[in-house]
*Asks:* 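Before we start, here is the structure in question, set down as structure tokens.
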Amino acid sequence: MLDNPIARIESLRVEFETKDGPVAGVEDVSFDIGPGETVCVVGESGSGKSVSSLSLMRLIEFGGGEIAKGRLIFDRKDGGETDLAKASQDVMRDIRGNEIGMIFQEPMTALNPVFTVERQLTEGLRVHRGMTSEQAKARALELMQQVRIPEPERRLKQYPHELSGGMRQRVVIAMAMACKPRLLIADEPTTALDVTIQAEILALMDRLKRETGTSVMFITHDMAVVAQMADRVVVMFRGKKVEEGTVEDIFERPQHPYTQALLAAVPKLGEMRGKALPEPMRLLGRDQDEIKPIPGTETPLLEVKGLTTRFAVKGGFFRRTVANVHAVEDVSFTVNKGQTLSLVGESGCGKSTCGRSILRLVEPQKGRVLLDGVDVMGLGPNMLRDERREMQMIFQDPFASLNPQMNLADQVAEPMRNFGSHKGKEMMDRVAMLFDRVELPRSFMRRFPHELSGGAAPAHRHRPRACAQPQADRRGRGSVGTRRVGAGAGGQPDDGAAGRAWPVLSLHQPRHGGGRARQPQGGGHVPWPDRRDRPARGGFREPAASLYQGADVGRSDR
């Protein structure tokens, strides 16, 4: 590895102007990234990881931030060094997407909804590489195949809203890697991907790094990915760098108390083995005895029988139906009161469509959905609206599910207004209580969605389901969606109603993180994984097939 780093961040301070005065998002942060090196930046949500990366791309100023202090030195292809903090926008336009590529955390906000995937993939190739339309299209098709998007020719003609969340994430990855940049900034690039695609994407990024000497700034919460990908690790907490070292030092000899607590919170594969009930995950700064598991009951609450949802494929001059996409096919399951059922499968297998079909956000072709004995499929529009109060959905993309023109307090209060459950001061007190429950400052109530970090937005979108709380005769109704661990006892929402049991239907993709970074019994840190899992520095080895051969619910031909 050469001595001169490709990028150096020196004493960076980024400020955001608020009604209460400037707030520092990042303060006195310094680290560098060498040629061919992968530096992983880790830390909890709001610690300044994304702010640091957006500053390096000079995109932070478009989000209300200002680089108040520091230098951002970048070694360009022509051999000269440029301080990006002082560079003009013309220089930055030549660097962005060409010499520095970025995989953004939220694919739906990174893609333009009015342009096709092909238009967005080929734009950078035509502008930076001078390719013709045909050459750019051929390169775009190659990129789609590299990130393993099925039917790439057809997907190129589609718009972002026509793709699943995992497919959109792969399109964003393809865009960032299109021009083979010298520095690749990956902000949670595998969050929306299932384990098989995650392994392939990480292997692809590693191959690009080895073949072209690309450096990688990898931002992630997944400590298993850190163990596999990182050469060095930077730990951030509350806008400051608290520790930096090689991956071996961070995992085997963590020095800062926050680093030790962060590693101790990593789930272990099989840690629930032999226990009668699921137990809450370890939370930073909280005694495990404070949170008790919810035993649940054997009484069925949600019963899904033979659920089938298909989407028509239109073709021809008259746009007739020429085929059907079998998104969900003959799916049946039962969720008991106070229990959690997870639907696990790869991106595009029909998990989200199954959840939407239960709420009739998309209309199934056949099947029955019984919620506490009520046949949801047989309800009319007015009764269905009332029934949806008893089952809420937390959507996959937080920024796409939040209204950018409304502040957060109004969005949280909106379900209560719609159903008339709370008014005036009582409603605002409940909004404040919900912010406290998901551990967001009450000052955030005046903010808008774009002013949140990538982790704060999902915390905010959990609130509407707890706003319109069920009536006394309908207590124990469920929530369809993912859940934020720590939102209440045992991960269940806590709205102060004694004895209320909230079953959860969790839709997620199989992950292998729990089996990578192992924690010893009684240990305070996570030791280095088995060397057989890490054949070379910075290298990534695909997980064994047994790690992701989980059970799928139903069958999908999509």
Side-chain angles (χ1 to χ4, degrees), residues 50 53 59 97 101-125 139-178 184-202 204-205 219-222 311 313 325 327 343 345-356 361-362 393-402 404 449-450 454-455 457-458 461 481-482 507-511 556 558:
S50 296
S53 64
L59 294 174
M102 184 165 184
I103 303 170
F104 293 93
Q105 186 174 11
E106 296 295 336
M108 202 59 182
T109 56
L111 296 173
N112 194 318
V114 301
F115 292 147
T116 63
V117 171
E118 179 181 333
R119 168 78 178 272
Q120 299 183 65
L121 263 177
T122 58
E123 182 180 16
L125 295 168
R139 172 62 176 160
L141 183 61
E142 178 186 353
L143 289 167
M144 295 282 277
Q145 293 170 341
Q146 285 181 344
V147 295
R148 290 294 300 275
I149 292 182
E151 301 178 277
E153 296 87 353
R154 183 166 71 90
R155 303 298 183 188
L156 282 174
K157 304 298 181 183
Q158 292 183 317
Y159 292 87
H161 72 272
E162 298 179 286
L163 304 179
S164 69
M167 288 184 185
R168 287 195 294 265
Q169 184 68 41
R170 281 178 268 175
V171 170
V172 173
I173 292 172
M175 290 174 60
M177 302 173 70
L184 181 64
I185 301 174
D187 191 354
E188 299 281 359
T190 59
T191 299
L193 303 180
D194 57 78
V195 63
T196 53
I197 302 300
Q198 173 180 298
E200 292 164 0
I201 292 300
L202 293 177
L204 177 63
M205 293 173 61
I219 300 170
T220 183
H221 294 93
D222 192 337
F311 297 102
V313 178
V325 176
L343 301 187
E346 296 188 350
S347 175
C349 74
K351 305 181 301 298
S352 296
T353 301
C354 184
R356 291 172 179 268
L361 297 178
V362 296
M393 184 166 185
I394 302 169
F395 294 94
Q396 184 176 8
D397 191 334
F399 289 102
S401 59
L402 295 174
H450 72 275
R461 63 180 171 151
T482 56
L507 315 177
H508 59 87
Q509 293 151 343
R511 305 298 297 271
S556 174
R558 188 165 72 170

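The first residue in the sequence is number 1, and the count goes up from there.
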*Asks:* My understanding is that only residues two or more places apart in sequence, or in another chain, count here; which of them pass side-chain hydrogen bond (donor to acceptor under 3.5 Å, both in side chains) with Glu153?
*Replies:* none
*Asks:* Closest heavy-atom contact between Arg139 and Ala178?
*Replies:* NH2-O, 3.1 Å
*Asks:* Tell me, do Thr116 and Leu156 make a side-chain contact under 4.5 Å, heavy atoms counted?
*Replies:* no
*Asks:* What's the separation between atom CD in Gln158 and atom CD1 in Ile149, rounded to the nearest 0.5 Å?
*Replies:* 10.0 Å
*Asks:* Quick one: pull up CD1 in Ile103 and OG in Ser53 and give me the separation to the nearest 0.5 Å.
*Replies:* 11.5 Å
*Asks:* Nearest 0.5 Å please: distance from the CZ atom of Arg148 over to the CE atom of Met167.
*Replies:* 11.5 Å
*Asks:* So Val117 and Arg155, side chain to side chain contact (heavy atoms under 4.5 Å, CB included) or not? Walk me through it.
*Replies:* CA-CA 7 Å; Val117 171; Arg155 303 298 183 188; 5.9 Å; no
*Asks:* Within the structure provided, determine whether Cys354 and Leu343 are in side-chain contact (heavy-atom separation under 4.5 Å).
*Replies:* yes
*Asks:* To the nearest 0.5 Å, how far apart are CG in Asp187 and CE in Met102?
*Replies:* 5.0 Å
*Asks:* Can you name the closest pair of heavy atoms from Gly345 and Lys351 and give their distance?
*Replies:* O-NZ, 3.1 Å
*Asks:* Could you tell me which non-hydrogen atom of Met144 sits nearest to which non-hydrogen atom of Pro152, and how far apart they are?
*Replies:* CB-CB, 3.7 Å
*Asks:* Would a distance-only check, ignoring hydrogens and angles, find a side-chain to backbone donor-acceptor pair under 3.5 Å from Gln120 to Asn112?
*Replies:* yes
*Asks:* Give a yes or no answer on whether the side chain of Arg356 reaches the backbone of Leu361 with a donor-acceptor pair at less than 3.5 Å.
*Replies:* no
*Asks:* Are side-chain heavy atoms of Ser50 and Glu188 found at a separation under 4.5 Å?
*Replies:* no
*Asks:* Is there a side-chain contact between Phe311 and Thr353, using heavy atoms and a 4.5 Å cut-off?
*Replies:* yes
*Asks:* Please test Phe104 against Leu59 for side chain to side chain contact (heavy atoms under 4.5 Å, CB included), starting from the C-alpha separation and ending with a verdict.
*Replies:* CA-CA 11 Å; Phe104 293 93; Leu59 294 174; 3.7 Å; yes
*Asks:* Calculate, to the nearest 0.5 Å, the distance between atoms CG and CD belonging to Leu141 and Gln146 respectively.
*Replies:* 10.5 Å
*Asks:* Closest approach of Leu143 and Ala174, non-hydrogen atoms and distance?
*Replies:* CD1-O, 3.7 Å
*Asks:* Once rounded to the nearest 0.5 Å, what's the spacing between atom CD1 of Ile185 and atom CD1 of Ile219?
*Replies:* 7.0 Å
*Asks:* Could you tell me which residues satisfy salt bridge (Lys or Arg N to Asp or Glu O under 4.0 Å) with Glu118, sequence neighbours excluded, listed by chain and number?
*Replies:* Lys157
*Asks:* If you count every heavy atom of other residues, nucleotides or ligands that lies below 6.0 Å from Arg154 atom CZ, does the total exceed 12?
*Replies:* yes
